[in-house]
Amino acid sequence: MSDIQEAVREKYQSAALQVVEGRKRATCGSDATGCCDPVSANLYQAAETAWLPEQAVLASLGCGNPTALADLAPGEIVLDLGSGGGIDVLLSARRVAPGGKAYGVDMTDAMLELARENQRKAGVANVEFLKGDIEHIPLPDASVDVIISNCVINLSADKPAVLREAFRVLKPGGRFAVSDVVVCGEIPDAVRRSMELWVGCIAGALEEQEFRRLLLATGFSDVDIEPTRIYEFEEARTVLAGAGLDADQLAREVYGRVQGAFVRARKPVAP
């Protein structure tokens, strides 16, 4: 296991436990500063999540709301990469019912336990949570209609493997519809080298054009990257300060270049 993968596992195991034990909202940055609040705050409407268990909402660590942006339909099979506490899986399950199913895959035991408990409390039957890495998805070829993900692909140290696996498990004509952090242009090496900012969703973010290139090289078509939120100076400063970096200087180099985005693509139908 890579150092990055182990750091991510430990951070999100801790995030799940802090929700279970303290009923505190999880953060994907420093526990002391809550530095990722600018990234993960205010993503869901209250009416959208009112029926969910509180812990499903508290454990959300995303940067967008893929279930609101993905065009899900009854009868479809959906897979959430890095499903965490299960919020997007449970929301998706309601949208693909009747006849559909929502899978979540996560590598963290504590998150899986929390997600299954949230499923039980919500009374949602058409859901299954699987243990696994997003670089090695535990599902057969051509088995899902839609792949969603919420601020997780940036955490992987092997993004080409994630995209190859996503392509493999999608049915021909299937859709890739994920929320993730992307970068426009270059960001400083000090940011890229920070493990705290890697687990905090920033350091591992793909540059927008590189994301497009990797999707096309994997075989996807109809690639589109739509910004949903651009992080401004104070938001960048908050995140950088939480990682112990020179926040004032680096924020000037980072702000406006880091954004939450909705990334769409399609697996072509074989001729």
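In what follows, every heavy atom counts, from backbone to side chain, and hydrogens, waters and symmetry copies are set aside.
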One pair to check against side chain to side chain contact (heavy atoms under 4.5 Å, CB included): Ile77 and Val96. What are the steps and the verdict? CA-CA 7 Å; Ile77 308 299; Val96 299; over 6 Å; no
Could you check Thr228 against Ser179 for side chain to side chain contact (heavy atoms under 4.5 Å, CB included), going step by step and ending with a plain yes or no? CA-CA 9 Å; Thr228 54; Ser179 292; 5.9 Å; no
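For the atom pair CZ (Arg213) and CD (Glu207), the distance works out to 11.0 Å, reported to the nearest 0.5 Å. We find the CG-OG distance between Leu112 and Ser83 to be 6.0 Å, quoted to the nearest 0.5 Å. Taken to the nearest 0.5 Å, the CG atom of Leu163 stands 7.5 Å off from the CG atom of Leu206. Going from atom CG of Asp145 over to atom CG of Leu79 covers 11.0 Å, rounded to the nearest 0.5 Å. Expressed to the nearest 0.5 Å, how far CZ of Arg168 lies from CG of Leu139 amounts to 7.5 Å. In this structure, CG on Asp80 lies 10.0 Å from CD1 on Ile134, to the nearest 0.5 angstrom.
Two residues are said to be in side-chain contact when any heavy atoms from C-beta on lie closer than 4.5 Å; Phe129 and Asp106 fail this criterion. Pro66 is not listed as a side-chain neighbour of Val178, based on a closest heavy-atom distance of 4.5 Å or more.
The pair Asp109-Lys131 meets the salt-bridge criterion, with a side-chain N (NZ, NE, NH1 or NH2) lying under 4.0 Å from an Asp/Glu carboxylate O.
The shortest heavy-atom contact between Val223 and Ala265 is CG2-CB, 4.0 Å. Nearest heavy-atom pair across Val89 and Gly104 is CG2-CA, 3.8 Å. Taking each heavy atom of Glu208 and Ile225 in turn, the nearest pair found is O-CD1, 3.5 Å.
Within 6.0 Å of CD on Glu113 lie no more than 12 heavy atoms contributed by other residues, nucleotides or ligands.
Under a hydrophobic clustering in which Ile, Leu, Val, Met, Phe, Trp and Tyr are joined whenever their side-chain heavy atoms come within less than 4.5 Å, directly or via other members, Phe176 and Val152 fall into the same cluster.
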